[in-house]
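Report on the structure given below.
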2 protein chains.
Amino acid sequence: MWRKVALERLRKAGYKITPQRLKLLDVLERIGRSHPSLREVHEAVKEEFPTISFSTLYSNVMVLRDLGLVELLHLGSETRVEVNVSPHVNVISGRRVRDLDDPELVREIERKVGGRVRFVNVVLEDEV
Amino acid sequence: MWRKVALERLRKAGYKITPQRLKLLDVLERIGRSHPSLREVHEAVKEEFPTISFSTLYSNVMVLRDLGLVELLHLGSETRVEVNVSPHVNVISGRRVRDLDDPELVREIERKVGGRVRFVNVVLEDEV
DNA sequence: GAGTAATTAGTAATAATTTCTAATTAGAAA
DNA sequence: TTTCTAATTAGAAATTATTACTAATTACTC
Ligand SMILES: [Mn+2]
Ligand SMILES: [Mn+2]
Ligand SMILES: [Zn+2]
Ligand SMILES: [Zn+2]
């Protein structure tokens, strides 16, 4: 679903559909929900398209961001790709990030903080 | 208050009380609540202690972190210092971060995500 | 006051991001 | 189908922030 929307939006915006871009969409459709780092995305794309450079991957992720198809999160020392662009809760424990889609919670937080929420990043204590 | 606790804990842990460390405590007592970046902390300390190196500042912030006196947040491309180490909500709009101390909200989130919360970083949409 | 381990500050190394550009190519036009 | 060209790619360089290293200095113990 995400991939289909992304492809359509790329076309509509006049971007060329290159093999590199198609693989990137495949990979994000598959592993995007894990909030992968840019380097993890690159590794995953390389498995199916071994010659793609980080440079190309990077610039294409920026294109997706400009089109509103992904957001970028900074976590630890790395940039993570967020494919779930609707306001939601990211539950972060160590390097793991999982989505909690809870519109009611988001609405309550918006009420309390007085602003439109983009993301709520809940950082958990490291497990003992 | 924070400064006093910090000084005491440094002493108890056997760290030497250097002028550089004292100025860092002063500065964090004063501007810590604004979640300053490491470079902002360095700039602020330099105003009162112009010869302090970033290196020294950095290593002293790491000492404070090891003692549980500060936490570090990654925001955009910079590392921010958090002096409020109790679980709370950081309301982030652009480069601004303000604290929302709302134990009830934190407890509700803990219940929903099933884990001990360290921080809740609420990222707001950029103002129009 | 002397001795010493911790600390400082300057520099180097690392790591991730971002920029740049010559060669290639997707897709429109002929 | 072939030609044309602006967009794209890939490699390398530049930038930026962090982290590591080390010789000289210093806070504290005795
Ligand atoms: Mn870090
Ligand atoms: Mn960034
Ligand atoms: Zn998410
Ligand atoms: Zn805070």
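Naming convention: chains lettered A, B, ... in sequence-line order (proteins, then strands); numbering from 1 in each chain.
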Set of side-chain contact (heavy atoms from CB on, under 4.5 Å) partners for A:Thr56, sequence neighbours left out: A:Gln20, A:Ile52, A:Ser53, A:Asn60

Grab the [atom1]-[atom2] distance between [X] and [N] for me, whole Å please.
| X | N | atom1 | atom2 | result |
| --- | --- | --- | --- | --- |
| B:Lys46 | C:dT8 | NZ | C1' | 15 Å |
| A:His42 | D:dT9 | NE2 | P | 12 Å |
| B:Glu43 | D:dA17 | CD | P | 12 Å |
| B:Leu57 | C:dT7 | CG | P | 15 Å |
| B:Leu75 | D:dA17 | CG | C1' | 14 Å |
| B:Asp66 | D:dT19 | CG | C1' | 14 Å |
| A:Leu7 | C:dA26 | CG | P | 15 Å |
| A:Phe54 | D:dT15 | CZ | P | 18 Å |

Atom pair CZ/CG of A:Arg39 and A:Leu57 - distance to nearest 0.5 Å: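 Reported value, rounded in 0.5 Å steps: 10.0 Å.
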
Which distance, rounded to the nearest 0.5 Å, do you find between the NZ of B:Lys23 and the OG1 of B:Thr18? 12.0 Å

Please state whether the phosphate of C:dA9, meaning OP1 or OP2, lies under 4.0 angstrom from any side-chain nitrogen or oxygen of B:Ser55.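 So the side chain of B:Ser55 is outside the cut-off, no N or O lying under 4.0 Å from OP1 or OP2 of C:dA9.
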
Under 4.0 Å: is that the gap between some side-chain N or O of B:Tyr58 and OP1 or OP2 of D:dT18?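 Checking D:dT18 against B:Tyr58, no side-chain N or O comes under 4.0 Å of OP1 or OP2.
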
Within the 4.0 Å heavy-atom criterion, would you say A:Ser77 contacts the bases, only the backbone, or no part of the nucleic acid? sugar-phosphate

Pair up each side-chain donor or acceptor in residues 102-110 of chain B with any protein partner under 3.5 Å, not counting sequence neighbours, and list the distances.
{"unit_1": "B:Asp102", "atom_1": "OD1", "unit_2": "B:Glu104", "atom_2": "N", "d": "3.3"}
{"unit_1": "B:Asp102", "atom_1": "OD1", "unit_2": "B:Leu105", "atom_2": "N", "d": "3.0"}
{"unit_1": "B:Asp102", "atom_1": "OD2", "unit_2": "A:Lys112", "atom_2": "NZ", "d": "2.9"}
{"unit_1": "B:Glu110", "atom_1": "OE2", "unit_2": "B:Val117", "atom_2": "N", "d": "2.8"}

5' precedence on DNA chain D between B:His74 and A:Ser53 (nearest-nucleotide basis):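 Nearest nucleotide further toward 5': that of A:Ser53.
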
Does any residue of residues 10-39 of chain A have a heavy atom under 4.0 Å from DNA chain D, and if so, which ones, in number order?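 The answer is A:Tyr15, A:Lys16, A:Thr18, A:Gln20, A:Arg21.
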
Can you tell me if B:Arg33 has over 12 outside heavy atoms packed within less than 6.0 Å of its CZ?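 Atom CZ in B:Arg33 is not crowded, with 12 or fewer foreign heavy atoms closer than 6.0 Å.
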
Determine yes or no for a side-chain-to-main-chain donor-acceptor pair under 3.5 angstrom, with B:Trp2 supplying the side chain and B:Leu69 the backbone. yes

If the threshold is 4.0 Å, N to carboxylate O, is there a salt bridge linking B:Glu71 and B:Arg65? no

Pairing partner of D:dA23, by Watson-Crick or G-U wobble and under 3.5 Å for both distances, is C:dT8

